[in-house]
Structures are given as structure tokens and as C-alpha cells.
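Every number for a ligand or one of its atoms is a count from 1 in the order of the listing.
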Amino acid sequence: MSRILLLGGIGEALNLARRLGSQHIYSLAGLGKVPEDLACQVRVGGFGGAEGLADFIHRERIELLVDATHPYAAQISHNAARAAEQAGVPCWALRRPGWTASPGDDWREVFDWPSLITALGDFQRPLFTLGREPLEHLHEIPAHQHWTVRCLQSQPASERAEVIGARGPFSLEGERALFERLNCDVLVSKNSGSAATEHKLQVAHERGVPVLVLQRPVLPVVDREFAEPEALWQALWQALHESGVTNP
Ligand code: NAP
């Protein structure tokens, strides 16, 4: 096993990619920054579904597929599992554990956009921190609400909504200042489990602000799953060395 295709898009994946040698490929969807200082090869953009990914694996003689995408990026994870099976290579995955509520937290799970809107009900100043999806619904904001949407791309504020373009990590002090300025009465979040974005939950706790948590998608079972990037790296290192690769 000497050539890896690493599917990324989160910080942990980039850290793994930084440790890979020039024979390996790091793949990004192309929504965020593309690193230019990696030793490994970097490719950007979709493969064209599971079939396209399986073709890519064949064409590039990939011997191990590693899915280190975001826990809510379910499509690419399902494609990865299918493509690896079709191409006859193993698929390993980084499956970052979710956050868990502490005593005193008021977390309410929602399943999709309609159930989220229902749960938002009587709240007035929601802070959305689950990506771009709320931007498609800015014209549906109920009369009693003002939304703040924090996502990667900013756009001009309107009377009914403010869109903050920002990329984590977010500090505890910064989150406290944001909640204070917005006076938000509910936080809307994915359960990404990332240390880079978890301070908002502490601030919600401190201020007694409820959190609407979008349920995690179901991800496919793969050959090996790792909760920690370091454990994944150790397994990669070992597999590469067993194949006689001296420079991973
Ligand atoms: P998604 O719905 O699971 O995937 C949509 C399509 O994007 C896939 O079918 C695939 O296109 C392409 N794609 C996704 N990741 C790719 C990768 N690493 N390399 C090449 N193509 C990829 O994903 P998403 O939720 O839109 O997220 C897109 C990317 O942003 C992911 O890489 C993810 O790790 C990252 N990200 C997502 C979130 C989130 O909340 N969803 C948060 C932070 C980062 P084809 O079918 O054409 O191959």
C-alpha cells in the first residue's frame, strides 16, 4: 500500500496532508482555501459521484482511500465507501466524535430545515452557525425575528438579517463578545465536534441560551474508523512502512 487518496475539507485532514509525501493525493471540494505549501499532490473539485471516484482510484493507482471529510459531508462519505468497494481498495475514515451536552445545557435536536424552523418558533434573535443553508431562506424570516448567519462568505446586511463571514477557530472571548453584541436568544449549530468552534457552546451555557442542534447524518461503515487524527496517522504510517515505503 503505497499511494493514498486523502479526501479532506477540515483542519484535521489538512494536518494529515501536511505529513504526506509527494506520491499521495489530497483532494478538496474547492469551497475553501486551497493550500499551496504541501509536499503531496493537491486536486480540487468533485469526481462526478461514486463512479467518477472509482475511476479516479483506478486511473491514479490509488491503494487506500482515506475519508477525512466533515461529519456533515455525508454525500462524499457515502461516495467514498461505494467507490472504494467498486475499485477494490480499502476505505478508512476519520469519524470525529460529536459534542455532548453538560448538565445545565439546553440542547434541542432538530432533524432538518423544517423541524428547525418549527423549533425556532417564538425565539427572536437566532444566531445560525451551520453554514450557508440559512442564506437560501432569508426571504422567509418571520416578522418577529432578526437572524444572524455566520458562515464562510459574508454578504451585506439587510434590515432582517446580518451575515457574518468568518472562518474558525473562534476564541472564547470573541464568542462572548459576539453573543453580547447580538443579544441572541438561541444558537443554531451542527454537532461538528470540532475544538475550533466549540466555545460558542460554552457561551450559550453561560448565558442560558438554548441550542438547536442539527442531527448528524448517518455515515457508511468503512474498513477502519478512527476517532482521532493521530491514531489514523499512526495506522497510515504503519501500513506504509509495512509496504516498504520509507518516506510516507
Ligand atoms: P457533500 O455534500 O458530502 O459533497 C458534495 C459533493 O462535493 C460530493 O458529492 C463531491 O462531488 C464533492 N466533494 C465533497 N468533498 C470533496 C473532496 N474532499 N474532494 C473532492 N470532491 C468533494 O459535502 P459538503 O457538505 O458540500 O462539503 C463540501 C466539502 O466541505 C467537504 O470536503 C467537507 O469536508 C467540507 N466541509 C463541509 C462542512 C459541512 O458542514 N458540510 C463543514 C466544513 C467543511 P462529486 O460527487 O462530484 O465527487
Peer 1: Counting only heavy atoms, which portion of N79 has something under 4.0 Å from ligand 1: side chain, backbone, both, or neither?
Peer 2: side chain
Peer 1: Could you find the nearest protein heavy atom to atom 40 (O) of ligand 1 and give me its residue, atom name and distance?
Peer 2: K190 NZ, 2.6 Å
Peer 1: Looking only at protein heavy atoms, which one is nearest to atom 36 (N) of ligand 1, and what is the separation?
Peer 2: H70 CB, 3.6 Å
Peer 1: Could you tell me whether S77 and ligand 1 have an N or O pair separated by under 3.5 Å?
Peer 2: no
Peer 1: Taking only heavy atoms of G48, which atoms of ligand 1 are found under 4.0 Å from at least one of them?
Peer 2: 45 (P), 47 (O), 48 (O)
Peer 1: Does Q86 use its side chain to pair, donor to acceptor, with the backbone of E51 at less than 3.5 Å?
Peer 2: no
Peer 1: Are I4 and V89 co-members of a hydrophobic cluster defined by side-chain heavy atoms under 4.5 Å apart?
Peer 2: no
Peer 1: Would you please determine whether G45 falls within less than 4.0 Å of ligand 1 on a heavy-atom basis?
Peer 2: yes
Peer 1: So do the side chains of L5 and L53 get within less than 4.5 Å of each other, counting heavy atoms only?
Peer 2: yes
Peer 1: Where is the tightest heavy-atom contact between I164 and R181, given as atom of each residue plus distance?
Peer 2: CD1-NH2, 3.7 Å
Peer 1: Can you pull out the closest protein heavy atom to atom 32 (O) of ligand 1? Residue, atom name and distance to 0.1 Å, please.
Peer 2: G8 O, 2.9 Å
Peer 1: With a heavy-atom distance limit of 4.0 Å, tell me whether A74 approaches ligand 1 through its side chain, its backbone, both, or neither.
Peer 2: backbone
Peer 1: Please state which option from A83, G46, A29 has its nearest heavy atom closest to atom 15 (N) of ligand 1.
Peer 2: A29
Peer 1: At less than 4.0 angstrom from any non-hydrogen atom of S27, what atoms of ligand 1 do you find?
Peer 2: 17 (C), 18 (N), 19 (N), 20 (C)
Peer 1: Does the plane of the ring in F226 sit parallel, tilted or perpendicular to the ring in W92? Use 30° and 60° as the thresholds.
Peer 2: tilted
Peer 1: Hydrophobic cluster membership, with links at side-chain heavy-atom distances under 4.5 Å among I/L/V/M/F/W/Y: are V42 and I76 in one?
Peer 2: no
Peer 1: Do the side-chain N and O atoms of S77 and T69 include a donor-acceptor pair separated by under 3.5 angstrom?
Peer 2: yes
Peer 1: Is there a nitrogen or oxygen of R43 sitting under 3.5 Å from a nitrogen or oxygen of ligand 1?
Peer 2: no
Peer 1: May I ask you to identify the nearest protein heavy atom to atom 35 (C) of ligand 1, giving residue, atom name and distance to one decimal place in Å?
Peer 2: G9 O, 3.6 Å
Peer 1: Does at least one non-hydrogen atom of L28 fall below 4.0 angstrom from an atom of ligand 1?
Peer 2: yes
Peer 1: Assess the residue pair L201 and V211 against the criterion (side-chain contact (heavy atoms from CB on, under 4.5 Å)); give the C-alpha distance rounded to whole Å, side-chain angles, the decisive distance to 0.1 Å, and a yes or no.
Peer 2: CA-CA 8 Å; L201 298 168; V211 186; 4.0 Å; yes
Peer 1: Any atom of ligand 1 sitting under 4.0 Å from a heavy atom of H78?
Peer 2: no
Peer 1: Could you tell me how the ring of F47 sits relative to the ring of F56: parallel (under 30°), tilted (30 to 60°) or perpendicular (over 60°)?
Peer 2: perpendicular
Peer 1: Which protein heavy atom lies closest to atom 46 (O) of ligand 1, and at what distance to 0.1 Å?
Peer 2: G49 N, 3.1 Å
Peer 1: Among protein heavy atoms, which lies nearest atom 48 (O) of ligand 1, and at what distance?
Peer 2: F47 N, 2.7 Å
Peer 1: Taking 4.0 angstrom as the limit and counting only heavy atoms of Q75, give me the atoms of ligand 1 inside it, by number and element.
Peer 2: 1 (P), 2 (O), 3 (O), 4 (O), 9 (O)
Peer 1: Does the protein put a heavy atom under 4.0 Å from atom 28 (C) of ligand 1?
Peer 2: yes
Peer 1: So which heavy atom in the protein is nearest atom 10 (C) of ligand 1, and how far is it from that ligand atom?
Peer 2: I76 CD1, 3.9 Å
Peer 1: Please determine whether a side-chain nitrogen of the Lys or Arg among E175 and R150 lies less than 4.0 Å from a carboxylate oxygen of the Asp or Glu.
Peer 2: yes
Peer 1: Report whether L130 and L178 are members of the same hydrophobic cluster (ILVMFWY, side-chain heavy atoms less than 4.5 Å apart, transitive linking).
Peer 2: no
Peer 1: Within the structure provided, determine whether L14 and Y26 are in side-chain contact (heavy-atom separation under 4.5 Å).
Peer 2: yes
Peer 1: List the closest protein heavy-atom neighbour of atom 23 (O) of ligand 1: residue, atom name, distance to the nearest 0.1 Å.
Peer 2: A73 CB, 3.4 Å
Peer 1: Record the part of L31 in heavy-atom contact with ligand 1 below 4.0 Å; permitted values are side chain, backbone, both and neither.
Peer 2: side chain
Peer 1: May I ask you to decide whether E173 forms a salt bridge with R176, counting only side-chain N to carboxylate O separations under 4.0 Å?
Peer 2: yes
Peer 1: Does ligand 1 come near enough to I10 that some N or O of the ligand is less than 3.5 Å from an N or O of the residue?
Peer 2: no
